[in-house]
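One structure is given here, and the rest of the page talks about it.
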Amino acid sequence: MTSSLIRGRPRRRAPSLVPARLLHTVLGGLAGVVWLVLPGVTFHSATPVPPPSATAPAPDPGATAAPAATARSAPASGGTSTADLVLPLVVVVAALAFGGYGYVRRTRRARTRTTPGRATAPAADAPPSLPETDDRARALLVAADDWVRVSREELGPAEARLGAAAVAPYARAVREAATELSDAFRLRQRYDEGPPADHDERRQWLAGIVGRCEEAGWRLDADADSFDQLRGLERGSAPGVVDALVAAETRFRELGARTRRMATLVAGLGERYGPAVTDSVTGSVEQAKDRLVFTTFRLNEARQAADRGEPDVAARQLRAAEGGIAQAAAFLDGVERLAADLESAERLLPATLSGAEAEIAGARETARDHAAAVRGDGAERPVTARGHRFVRPGASGARPAEPLLPADMLLAQADVADAVLAAVRTEATAGPSDPVDALRRVASAVLPLAAGRAGAVPFAASLVAAHSTADADTFIGTHRGAVGSEARTRLSEARRLRDADPLAADALAVRARELAERDVRGHGNPLNGGSGHESGLAGAVLGGVLLPPSDGDPQGAVGPPPSFGGPRTGRRLAADPG
């Protein structure tokens, strides 16, 4: 497999040979004309040929014809022969040829010269600049993330209708593409944290990002055609379209009933835990309704097209409807997940507070042991307690174990953690509060003091990280038409660190949500003139259910729904679904 560091490298183009070939053709034609015309030209000598003398001897009958022919062709003394004229003409033609070739060379050099004072044409094989490569890497990260998300979403209806075994090869392709994409996001995160100082090394990093994104797209493209055959939505397969349409209509009715329940659930969460707890899902129910309105139009169009015997049109409308259903479900899943996480956090909070108290007490005991050892005999010996290793300040040559916390710093952190626990208890008893946020504060204050990674506090940190990561993922997925590469990169890094470092993962996920919200606020309405809200069209474009309008379309017609695949096949439905 080609190394990802050299994928996408531009090929060098050979210089054009058209002027040289044209010059050779002209010269060849001139030479042919000269050789065809010269033998027919008659040259007259100014000296008359004397008549044969009467006394001349008669020709020998036995003489051969060859000498006679030679004698007749020999020119008279002082005459001009054909060979004498051909040589000057050849010299003239050669001079013209060399002159024309030199003129072409000088013209070409004048066009490409780089001396000051002349306009310089950019070389055709010059590599793109570093900012251009950076922009391409960012754009491909967004595109590849959309390819993976759309392909994963389309697996859902196929699996529901055909079974998990039938879609297993395509689910594996999505996982492999997601792995390549995760590697690309990891490179981007490292690049954002501190790009290499060397210009060429930065270009290599960006080329690695581009190569991995292209690899992810290729992996999905390789299975797109067979996936279409499995679903039976392409090439006019009417039975496949009708079966999928029935399944989509059933799913649509289930979501309609579920939407009404979610509205009641959001109101109840606000009353139980306080209005601030529902900020992350504010508007989720309304946006789910917006996607369902869009789905209603598309399902009607798909059903009418199927009844008219137009399976291709029905398949296109059905894919758009399935995208709307997937996003409506994502909004409602986010509400239910918030409710479940709040209940889990509420149950876990007492145990977390008890575990946090034990960790704080252990940290204070470690600090007291260290202070007693130093006061005892003044020896510069290490003291180990509860996994912390300390040496007396100023000890020379001592290398601390994991981790190194001076006693006074440890006591200060323990005091801060105690204050956090007191505040959390006060809020929990005073009235409605956010238990997930309470777990976050306790874990952030106490986890650095913990000697190990087992117990209620680390488990609470894992729950918080999983909650914030899923919340950011839902928001980005349902607004992917506006969210850029930075928020997606932070989310991918949060996923990677969720088990190893839950505190860092939580912070990255929260930041990803903030960046995504910023992108959405700056995006505005994706359709011209503020249209598309009544039919749910604007929300569908914002969510990536439909591709946005082309830049040069004055009517603002939206694009087709994306489908399973990468850059070659993900946009293969070129016709306007509207």
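Just so you know, residue 1 is the first one in the sequence shown, and it goes up from there.
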[Y] backbone acceptor or donor facing [X] side chain under 3.5 Å:
| X | Y | answer |
| --- | --- | --- |
| R488 | V483 | yes |
| T478 | G543 | no |
| R138 | D135 | no |
| S226 | D223 | yes |

Could you tell me which residues satisfy salt bridge (Lys or Arg N to Asp or Glu O under 4.0 Å) with [X], sequence neighbours excluded, listed by chain and number?
| X | answer |
| --- | --- |
| R496 | E493 |
| R291 | none |
| D506 | R440 |

Handout entry: All side chain to side chain contact (heavy atoms under 4.5 Å, CB included) counterparts of S492, not counting sequence neighbours
Key = S182, F185, R495
For [X], what residues pass the side-chain hydrogen bond (donor to acceptor under 3.5 Å, both in side chains) criterion, not counting sequence neighbours?
| X | result |
| --- | --- |
| R498 | none |
| E249 | R303 |
| E254 | none |
| R258 | D333, E336 |

Listed pairs under 3.5 Å, donor-acceptor, residues 269-281 side chains, sequence neighbours left out:
residue: R272; atom: NH2; partner: E346; partner atom: OE1; Å: 2.8
residue: Y273; atom: OH; partner: E346; partner atom: OE1; Å: 3.0
residue: T278; atom: OG1; partner: P275; partner atom: O; Å: 3.0

Handout entry: Within 6.0 Å of CZ in F459, more than 12 heavy atoms from elsewhere
Key = no
Practice task
Kindly indicate whether the side chain of D192, heavy atoms from C-beta on, has any atom under 4.5 Å from the side chain of R490.
Solution key: yes
Is the closest basic N to carboxylate O distance between [X] and [Y] below 4.0 Å?
| X | Y | result |
| --- | --- | --- |
| E154 | R319 | yes |
| D418 | R364 | yes |
| E132 | R136 | no |
| E193 | R190 | no |

Practice task
Keeping to residues at least two apart or across chains, list the salt bridge (charged side-chain N to carboxylate O under 4.0 Å, His left out) pairs with something in residues 158-179.
Solution key: E176-R219
Handout entry: Pairs satisfying ring-ring contact (aromatic ring centres under 6.0 Å, His included), at least one member in residues 480-516, at least two apart
Key = none
Completion exercise
Those residues at least two apart in sequence (or on a different chain) that pass ring-ring contact (aromatic ring centres under 6.0 Å, His included) with F475 are H479
Completion exercise
One should read off an interatomic distance between L155 CG and R231 CZ, to the nearest 0.5 angstrom, of 9.5 Å
